[in-house]
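Sequence positions, counted from 1, serve as the residue numbers for this chain.
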Amino acid sequence: MIADYLATILGTVYKVPGVIEPTMSFQDLEIDSLSLAELGAQLEDDLGVTVEEENLAPTTTVAELVELLEAQGAVVPA
């Protein structure tokens, strides 16, 4: 569920085209550092979790972020 939520945000807000594979890094998705900072703030607002800057780097994969969010108990809003 978090993976679907994240894919939706990446596609709609950050305009990532095509299929977003879990193994893709944010660098692969061409998301720059400013957008990563914005994504971190959005995750905090939407999911109530804090993602430290070092955990949201260009080399971070979508799967790694999903795993981190799940470990922090993030819940996708209904």
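When every heavy atom of Glu64 is checked against every heavy atom of Thr59, the shortest pair comes out as OE1-O, 4.0 Å. For Ala3 against Val66, the heavy-atom pair with the smallest separation is CA-CG2, 3.8 Å. A pairwise comparison of heavy atoms in Tyr14 and Gln42 identifies OH-OE1, 3.5 Å as the closest pair.
Other residues, nucleotides and ligands contribute only 12 or fewer heavy atoms inside 6.0 Å of the CD atom of Glu53. Heavy atoms from other residues, nucleotides or ligands lying under 6.0 Å from CD of Glu30 number 12 at most. For Glu67, the CD atom counts as loosely surrounded, since its 6.0 Å shell holds 12 or fewer non-hydrogen atoms of other residues, nucleotides or ligands.
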ask   = side chain to side chain contact (heavy atoms under 4.5 Å, CB included) between Thr61 and Phe26: does it pass, once the steps are laid out?
value = CA-CA 6 Å; Thr61 66; Phe26 291 106; over 6 Å; no
message = Between Ile9 and Asp46, is the side chain to side chain contact (heavy atoms under 4.5 Å, CB included) condition met? List the steps.
response = CA-CA 11 Å; Ile9 287 178; Asp46 290 353; 4.1 Å; yes
Leu10/Tyr5 under side chain to side chain contact (heavy atoms under 4.5 Å, CB included): CA gap, chis, key distance, verdict = CA-CA 9 Å; Leu10 292 172; Tyr5 164 80; over 6 Å; no
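Leu69 and Met1 fall within a single hydrophobic cluster, where Ile, Leu, Val, Met, Phe, Trp and Tyr are joined by side-chain heavy atoms under 4.5 Å apart, directly or via other members. Grouping the Ile, Leu, Val, Met, Phe, Trp and Tyr side chains by contacts below 4.5 angstrom, directly or via other members, places Leu43 apart from Leu34.
Side chain of Glu44 to main chain of Val51: no donor-acceptor pair is present (N/O by atom type, distance under 3.5 Å, no hydrogens or angles).
Residue Ser35 holds its OG atom at 11.5 Å from CG of Leu29, rounded to the nearest 0.5 Å. A distance of 12.0 Å separates OG of Ser25 from CG of Leu65, quoted to the nearest 0.5 Å.
Within the 4.5 Å cutoff, the side chain of Pro58 has heavy atoms near those of the Leu36 side chain. Inter-residue side-chain proximity for Ile31 and Leu39 is flagged as unmet; no heavy-atom pair is nearer than 4.5 Å. Side chains of Val75 and Leu47 form no contact here, defined as non-hydrogen atoms less than 4.5 Å apart.
Tested against Ile20, the residues Leu6, Asp28, Thr8, Val62 include a single side chain to side chain contact (heavy atoms under 4.5 Å, CB included) partner, Val62.
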